[in-house]
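In listed order, ligands and their atoms are each counted from 1.
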Amino acid sequence: MNEKTRDVVISAPGKAILHGEHAVVHGKVALAVSLNLRTFLRLQTSSSGKVCINLPNIHTFLSWDLTLLQPLLPENRGNDGNVQELDPSLMKKLREFTGIAEGSTDTQSMAVFAFLYLYLSVFAKSPVLPSMTVAVWSELPTGAGLGSSAAFCVCVAAALLSTQGTISSPQILENSTARWSVEELELVNQLAFQGEKIIHGNPSGVDNAVSTWGGILRYHAGKMTPLERVPVLRILLTNTKVPRSTKTLVAGVKDKINKFPTILIPVLESVDAVSCKCEEILADMATCSATAEHYSMLEELIDINQHHLNVMGVGHPSLDVLCRATLARGLHSKLTGAGGGGCGITLLRPETDCCVIHSTIQDLKAFSYECWETSIGAPGVQLHSSDRRQS
Ligand SMILES: Nc1ncnc2c1ncn2[C@@H]1O[C@H](COP(=O)(O)OP(=O)(O)O)[C@@H](O)[C@H]1O
Ligand SMILES: C[C@@](O)(CCOP(=O)(O)O)CC(=O)O
Ligand SMILES: [Mg+2]
């Protein structure tokens with residue numbers, strides 16, 4: 001055989017939302033940061049006549065013959081992933097092919113559906129479907145509010161677009177990584193957003209934007225702006241390990257807004273004001289030096305937002321326990337991501353003693369929670385290696 005095979009390794013970060021989760025789905029401002037916890041993907045093209053996916057975090061190992069996938073190709077074969085809406089006819093064919101019901105929130109079904117959708121949309125314009133093995137593994141807990149779905153979709157989108165040739169294979173730099181151009185990252189972000197639509201139902205796009213671009217972002221109505229002036233923030237992440245589905249929680253908030261619009265809309269507006277106030281305080285802290293007064297205000301905003309999220313119906317007893325346990329040590333917490341369990345963030349002051357942090361972590365471990373002190377603002381999607389060989 002005289003074909004070129006590709007072997008690429010890509011990674012993308014998870015995120016924490018400081019303020020604005022759920023409200024951002026309804027056009028309000030969110031502030032989000034990338035985390036130093038990443039999802040990794042390896043894509044190897046082959047001549048096996050099959051597409052194989054290995055997803056060890058969710059115990060999913062599947063393969064399909066290309067002859068079975070070929071008839072699913074969308075009728076509009078000019079699609080390069082640069083689309084706004086999910087293709088209804090491809091969605092229907094995929095539902096029939098996989099037997100996955102509309103509205104399913106099953107972990108494996110959503111990942112497989114999103115992967116196949118992205119694979120078929122990217123290679124729709126190729127003369128033949130390529131055989132490949134794709135493995136995805138992650139440092140992020142799955143379904144816990146840290147954007148594992150977005151990191152998964154961003155890695156898959158970047159790997160497929162790069163293999164198809166829609167985006168380049170940038171030169172690996174001395175730090176053993178490479179980034180794509182702004183235009184190429186926009187294509188990755190748009191395609192990843194399609195995958196997020198499959199997993200979340202109605203995503204705002206903030207998670208895939210942070211995973212694509214990295215850093216600390218303000219996100220509003222589809223537009224992201226990197227925050228230029230931000231102080232160094234210390235954040236403790238806690239996973240309550242209570243499972244939940246973003247799709248179900250986002251749908252629940254929408255139902256509540258429809259049921260009580262005059263009550264819920266002002267809550268969303270108040271969350272918007274919390275995000276804007278937080279942005280203002282962070283800029284002030286970065287410009288002048290950060291004071292105790294700044295931290296007190298950030299802590300109050302965290303408390304206010306946690307109450308608002310409870311009003312939206314996305315709290316959980318496990319998160320109440322987190323907030324109470326940290327407050328007993330003088331620390332303020334809120335849920336992050338979709339809530340209903342999953343993770344919370346706790347703000348640490350620069351002077352917070354390591355004994356206090358240690359004792360807090362011990363208290364939380366007693367509830368079987370898991371904690372990490374994170375660093376924020378990690379780089380967005382990166383290429384780690386890219387080999388092209390004659391086979
Ligand atoms: N490492 C992974 N491997 C396979 N699928 C993943 C992985 N990470 C996330 N997913 C997909 O994303 C879904 C979780 O998304 P979601 O409910 O939005 O939670 P979150 O994004 O907060 O982790 C999982 O059910 C799975 O379908
Ligand atoms: C609740 C929401 O604001 C964030 C969801 O994040 P996660 O999937 O729970 O990590 C939804 C969205 O913005 O799409
Ligand atoms: Mg998600």
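- In this pair, F40 and H384 present their aromatic rings tilted. The plane angle is within the 30 to 60° band.
- Each of the following atoms of ligand 1 lies closer than 4.0 Å to a heavy atom of L146: 22 (O).
- Each of L160, V51, L73 was evaluated against L120; a single residue qualifies, L73, per the side-chain contact (heavy atoms from CB on, under 4.5 Å) test.
- The set of protein atoms (N, O or S) found at less than 2.8 Å from the Mg ion (ligand 3) reads S149 OG, H200 NE2, by chain and number.
- At distances below 3.5 Å, not a single donor-acceptor pair connects side-chain atoms of S211 with backbone N or O atoms of A209.
- Within the 4.0 Å heavy-atom criterion, neither part of A150 lies near ligand 1.
- Atom CD of Q171 has 12 or fewer heavy atoms from other residues, nucleotides or ligands within 6.0 Å.
- Listed by number with element, the atoms of ligand 1 under 4.0 Å from a non-hydrogen atom of S138 are 1 (N).
- A side-chain donor from one of S168 and E184 sits under 3.5 Å from a side-chain acceptor of the other.
- Atoms of ligand 1 found under 4.0 Å from any heavy atom of T246 (numbered from 1 in listed order, with element): 16 (P), 17 (O), 18 (O), 19 (O).
- In terms of N/O distances under 3.5 Å, ligand 1 is not approached by D207.
- Atom 22 (O) of ligand 1 has G145 N, 2.8 Å as its closest protein atom, hydrogens excluded (heavy atom only).
- Using a 4.0 Å cut-off between heavy atoms, Q108 makes no contact with ligand 1 at all.
- Taking any N or O of A111, backbone or side chain, at least one lies under 3.5 Å from an N or O belonging to ligand 1.
- Exactly one residue among S386, C155, S385 makes a side-chain contact (heavy atoms from CB on, under 4.5 Å) with I10. That residue is C155.
- Between D363 and R329 there is a salt bridge, since a side-chain N of the basic residue sits under 4.0 Å from a carboxylate O of the acidic one.
- Under 3.5 Å, the side chains of T291 and E293 contain no donor-acceptor pair of N or O atoms.
- A salt bridge links E299 to R349: one of the charged nitrogens lies within less than 4.0 Å of a carboxylate oxygen.
- Ligand 1 lies within reach of G143, whose nearest heavy atom is under 4.0 Å from it.
- In terms of protein heavy-atom proximity, atom 3 (N) of ligand 1 is nearest to F152 CD1, 4.0 Å.
- Two different hydrophobic clusters hold L301 and V29 under the rule that ILVMFWY side chains link at heavy-atom gaps under 4.5 Å.
- Between the side chain of H26 and the backbone N or O of A23 there is no donor-acceptor pair closer than 3.5 Å.
- The shortest heavy-atom distance from T142 to ligand 1 is under 4.0 Å.
- Side-chain atoms of R38 and S11 form a donor-acceptor pair, as typed in the model, at a separation below 3.5 Å.
- Atom NZ of K277 has 12 or fewer neighbouring heavy atoms from other residues, nucleotides or ligands inside a 6.0 Å radius.
- Under a 3.5 Å cut-off, the side chain of T5 and the backbone N or O of T45 do not form any donor-acceptor pair.
- Residue-ligand proximity, R244 to ligand 1, at heavy-atom distances under 4.0 Å covers atoms 17 (O), 19 (O), 22 (O).
- Taking any N or O of S149, backbone or side chain, at least one lies under 3.5 Å from an N or O belonging to ligand 1.
- Atom 13 (C) of ligand 1 has I199 CG2, 3.9 Å as its closest protein atom, hydrogens excluded (heavy atom only).
- Sorted by chain and number, the residues within 4.0 Å of ligand 2 by heavy atom are K15, I17, E21, H22, V24, V25, G145, L146, G147, H200, P203, S204, V206, D207, R244, T246, V250, G337, A338.
- Salt-bridge check for E96 with K93: failed, with every basic side-chain N at 4.0 Å or more from each acidic carboxylate O.
- Remark: ligand 1 and N57 share an N or O pair separated by less than 3.5 Å (distance only, no angle test).
- Residues F123 and Y119 bring their aromatic ring centres within 6.0 Å.
- Annotation: S148 places an N or O atom under 3.5 Å from an N or O atom of ligand 1; distance criterion only.
- Heavy-atom contacts from other residues, nucleotides or ligands closer than 6.0 Å to CD of E228 number 12 or fewer.
- Between K334 and E21, at least one side-chain nitrogen of the basic residue sits less than 4.0 Å from a carboxylate oxygen of the acidic one, meeting the salt-bridge criterion.
- For E370 and T238, the side-chain atoms include no donor-acceptor pair closer than 3.5 Å.
- For ligand 1, the atoms lying closer than 4.0 Å to a non-hydrogen atom of I58 are 4 (C), 5 (N).
- The protein heavy atom nearest to atom 27 (O) of ligand 1 is T107 O, 2.7 Å.
- Checked by distance only, ligand 1 and H200 come closer than 3.5 Å through their nitrogen or oxygen atoms.
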